[in-house]
Amino acid sequence: MTYQDLTHSTRAKGNVRILRQQEELPLLRDHLLRLDRVSRHDRFQGFMDDSFIESYAAKCAADGTVIIAYIEDGVVRGAAELHPPDQSADSLPEIAFSVEASVRRQGVGSILFKKLIAEARSKGYHSLRITTGAQNHAMRALASKFGAHLTFRQGESTGSIDLKQQPLSPFAGLAILTPTDAARAMINLNRAYWRLYFKMYGLGRTAPRHADGAARRG
């Protein structure tokens, strides 16, 4: 499903989907190994060698971590991780993000964040924990945008996101759509509006026909 943001333009042209754990392990592993030195430091709060990353990716595939991937031409260029609550000391699901330099400033982080929050809600989670390097300004800004309250401790930024306080946008279900699906959804939204309008003003059985025409013109 190709992402189309209905409120902000983005140059991101890839697809977003959840990776199948064991079969697609190499996609996550290779993505993390491609991170440049600074990105790797920001993601893991320190420079980690290749063997650590390989072990980390294998652990994610085995412990129930949900990996939401941004994929271009079959290659994972960004990933959002949703770790199960039993993996953390405070029993909160933990989230983490990584985006390769080649696709930055294209809205990829926001795409992944929105999809991850939707996935966390679908699992019934009420709060998420996020930890990022204190110097990772882009991730700190993105986390704050989605309601994270960050604190600083020993060079790290830690915080939580209260999902109960996250407002549901009327376009929440349109966040990740094909262009055709997005257009169809907008027509349906307009049709619902015009049906209500004609009903309010007593146009009765003529409402469906007028609503369909008004929706397409909208």
Side-chain angles (χ1 to χ4, degrees), residues 16-33 35 39-70 76 78-99 108-169 172-173 175-176:
V16 176
R17 65 176 175 85
I18 295 176
L19 296 184
R20 296 182 297 275
Q21 294 289 327
Q22 291 292 343
E23 307 116 272
E24 298 187 308
L25 164 64
L27 294 177
L28 173 65
R29 180 199 63 203
D30 294 347
H31 158 64
L32 294 174
L33 288 172
L35 295 176
S39 299
R40 191 180 290 196
H41 183 280
D42 287 342
R43 169 61 188 84
F44 294 103
Q45 289 85 59
F47 181 77
M48 302 297 179
D49 61 20
D50 290 357
S51 62
F52 169 86
I53 289 178
E54 290 171 356
S55 298
Y56 175 85
K59 181 177 181 296
C60 288
D63 66 8
T65 296
V66 176
I67 306 296
I68 300 169
Y70 173 79
V76 172
E81 304 166 21
L82 177 60
H83 297 267
D86 59 6
Q87 300 295 315
S88 64
D90 56 7
S91 297
L92 280 181
E94 186 169 2
I95 61 177
F97 298 84
S98 51
V99 178
V108 173
S110 291
I111 296 170
L112 292 172
F113 224 121
K114 289 177 182 178
K115 179 64 174 174
L116 182 141
I117 286 177
E119 181 67 21
R121 277 208 182 98
S122 73
K123 291 182 173 296
Y125 296 151
H126 300 300
S127 184
L128 303 173
R129 179 161 59 86
I130 183 170
T131 301
T132 185
Q135 302 305 313
N136 191 350
H137 302 296
M139 182 50 60
R140 285 167 50 196
L142 184 59
S144 297
K145 173 182 175 182
F146 283 88
H149 302 285
L150 299 174
T151 58
F152 297 92
R153 181 179 59 191
Q154 298 178 348
E156 293 183 352
S157 301
T158 63
S160 62
I161 301 176
D162 186 352
L163 297 183
K164 298 187 298 295
Q165 295 180 357
Q166 290 286 323
L168 288 176
S169 165
I176 301 175

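Numbering of residues begins at 1 and proceeds along the displayed sequence.
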Heavy-atom pair with the smallest gap, counting every atom of [X] and [Y]:
X: Tyr70; Y: Leu112; result: N-CD2, 4.0 Å
X: Lys115; Y: Ile68; result: CG-CG2, 3.5 Å
X: Tyr125; Y: Pro85; result: OH-CD, 3.4 Å
X: Ile130; Y: Phe113; result: CD1-CZ, 4.4 Å
X: Ser127; Y: Pro93; result: O-CD, 3.3 Å
X: Ser98; Y: Leu35; result: CB-CD1, 4.0 Å

Nearest-0.5 Å distance that lies between atom [atom1] in [X] and atom [atom2] in [Y]:
X: Leu128; Y: His83; atom1: CG; atom2: NE2; answer: 11.5 Å
X: Ile95; Y: Thr65; atom1: CD1; atom2: OG1; answer: 12.5 Å
X: Tyr56; Y: Leu33; atom1: OH; atom2: CG; answer: 13.0 Å
X: Ile67; Y: Glu119; atom1: CD1; atom2: CD; answer: 11.0 Å
X: Leu32; Y: Cys60; atom1: CG; atom2: SG; answer: 7.5 Å

Check against side chain to side chain contact (heavy atoms under 4.5 Å, CB included), Val76 and Glu24: CA-CA 10 Å; Val76 172; Glu24 298 187 308; over 6 Å; no
Set of side-chain hydrogen bond (donor to acceptor under 3.5 Å, both in side chains) partners for Asp49, sequence neighbours left out: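 Checked Asp49 against side-chain hydrogen bond (donor to acceptor under 3.5 Å, both in side chains); matches are Ser51.
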Any residue meeting side-chain hydrogen bond (donor to acceptor under 3.5 Å, both in side chains) with Lys59, in chain and number order, not counting sequence neighbours: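 So Lys59 forms a side-chain hydrogen bond (donor to acceptor under 3.5 Å, both in side chains) with Asp63, Gln87.
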Short side-chain to backbone donor-acceptor contact, Arg40 and Met48, under 3.5 Å: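 Yes; judged by distance alone, with no hydrogens or angles, the pair exists.
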